[in-house]
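One structure is given here, and the rest of the page talks about it.
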Amino acid sequence: MSKTHESVTVPGGPAPVPAGAGAPALQRLTGGGSGVLDLTTGARPVILGIAHHGSGHFVVDALDERMRSGSQLVSTDGPFACRALTDADDRPVRALRIEADGPWAVEVTGLDDAVVLDGHAERPASDVLRYEGGPAVAHLCHTGARRSSGGGYFLTDTFEPDGSGFLDELANHVGPWTGEVPLSGPCLVYARSDGPWSISVRDA
């Protein structure tokens, strides 16, 4: 088992952000309420460990060089913890816009912090995994998020191993869902979810 770094935590908040592979933090941000925060890691793909402690809505948007929302990383209610991928597919992220009613924390790490997908993985929310094998079939299962009346969101994409390009969309569903999809490899697997999900890989 790989050594993990100290997880991002918010005192009195949710469970720690899902552990990564142990890469050192490049930047740490903390605060409370809403705000706009500059990323200082440059235009390279990075992983964000995000934690929120508050009873209300929590939204994190990635802002492009013109300070426009390029993608929404988190949209949920109440305490929450996850990991997200930014700056992938040559879409630079300049800053993060956070809307919250309580304390939050963000820890930035490099792509070497992606956990290696070796056959099977179960994750509690959004996360970034590294698949190092060849072409395969992936079995995805999203159990749904109790916090959401619609069962929560589940979007899963794959990117080049260095984050330089988008490869494929594996899933885009609301609520519980299970299915098999083709998986090209090697690649990064980025799942956006506000609830538990799992992935199993078998040779094509």
Side-chain angles (χ1 to χ4, degrees), residues 1-5 7-9 13-23 45-52 58 60 71-86 88-89 107 109 111-161 163 166-204:
M1 180 177 295
S2 61
K3 182 180 178 182
T4 59
H5 63 279
S7 300
V8 176
T9 58
V17 170
V46 293
I47 296 173
L48 307 179
I50 302 169
H52 170 246
F58 179 56
V60 181
S71 63
Q72 190 165 82
L73 305 179
V74 178
S75 178
T76 191
D77 294 294
F80 185 68
C82 72
R83 301 203 314 155
L85 177 67
T86 65
D89 197 23
E107 181 175 274
T109 54
L111 292 185
D112 51 347
D113 203 34
V115 174
V116 174
L117 172 57
D118 185 13
H120 179 78
E122 298 181 10
R123 310 304 280 178
S126 299
D127 210 339
V128 185
L129 307 178
R130 180 181 299 280
Y131 173 63
E132 298 180 334
V137 175
H139 179 87
L140 294 169
C141 179
H142 175 237
T143 59
R146 296 178 181 178
R147 68 179 66 235
S148 172
S149 59
Y153 55 87
F154 184 57
L155 303 100
T156 305
D157 295 325
T158 56
F159 295 85
E160 294 287 357
F166 171 81
L167 293 176
D168 197 9
E169 179 181 86
L170 303 185
N172 187 348
H173 301 275
V174 174
W177 179 82
T178 299
E180 285 193 340
V181 294
L183 180 66
S184 61
C187 64
L188 294 176
V189 178
Y190 174 32
R192 284 166 284 175
S193 175
D194 55 358
W197 63 280
S198 65
I199 180 171
S200 298
V201 179
R202 62 177 174 84
D203 292 338

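Here the closest heavy-atom approach between residue Phe159 and residue Phe166 is recorded as CD2-CA, 3.7 Å. Contact record, Ala191 with Thr156: CB-OG1, 3.6 Å, taken as the closest heavy-atom pair. Here the closest heavy-atom approach between residue Asp112 and residue Ala23 is recorded as OD1-CB, 3.5 Å. Between Thr178 and Cys141, the shortest heavy-atom distance links the atoms OG1-SG, 3.5 Å. Contact record, Ser193 with Phe154: CB-CD1, 4.0 Å, taken as the closest heavy-atom pair. Contact between Ile47 and Ala114 at its shortest, heavy atoms only, is CD1-N, 3.6 Å.
Between Trp177 and Leu140 the shortest side-chain heavy-atom distance falls below 4.5 Å. By the 4.5 Å heavy-atom criterion applied to side chains, Asp113 and Arg83 are counted as neighbours. For the pair Arg123 and Val115, the minimum side-chain heavy-atom distance is below 4.5 Å. For the pair Val17/Ile50, no side-chain contact is recorded, criterion being any heavy-atom separation below 4.5 Å from C-beta on. At a threshold of 4.5 Å between non-hydrogen side-chain atoms, the residues Arg192 and Leu73 do not count as touching.
The structure places CG of Leu167 at 9.5 Å from CG of Asp157, a figure rounded to the nearest 0.5 Å. Taken to the nearest 0.5 Å, the CD atom of Glu132 stands 10.0 Å off from the CG atom of Leu188. Rounded to the nearest 0.5 angstrom, Leu117 CG and Leu183 CG are separated by 7.5 Å. Atom-to-atom distance recorded for Ser200:OG and Glu180:CD is 9.5 Å, nearest 0.5 angstrom.
By the salt bridge (Lys or Arg N to Asp or Glu O under 4.0 Å) test, Arg130 is found to be paired with no residue, residues two or more places apart in sequence or in another chain being considered.
In this structure a side-chain-to-backbone donor-acceptor pair under 3.5 Å is present from Thr158 to Asp168. In this structure, the side chain of Trp197 engages the main chain of Ala125 through a donor-acceptor pair within 3.5 Å.
Residue pairs meeting the ring-ring contact (aromatic ring centres under 6.0 Å, His included) criterion with at least one partner in residues 111-141, sequence neighbours excluded, are absent.
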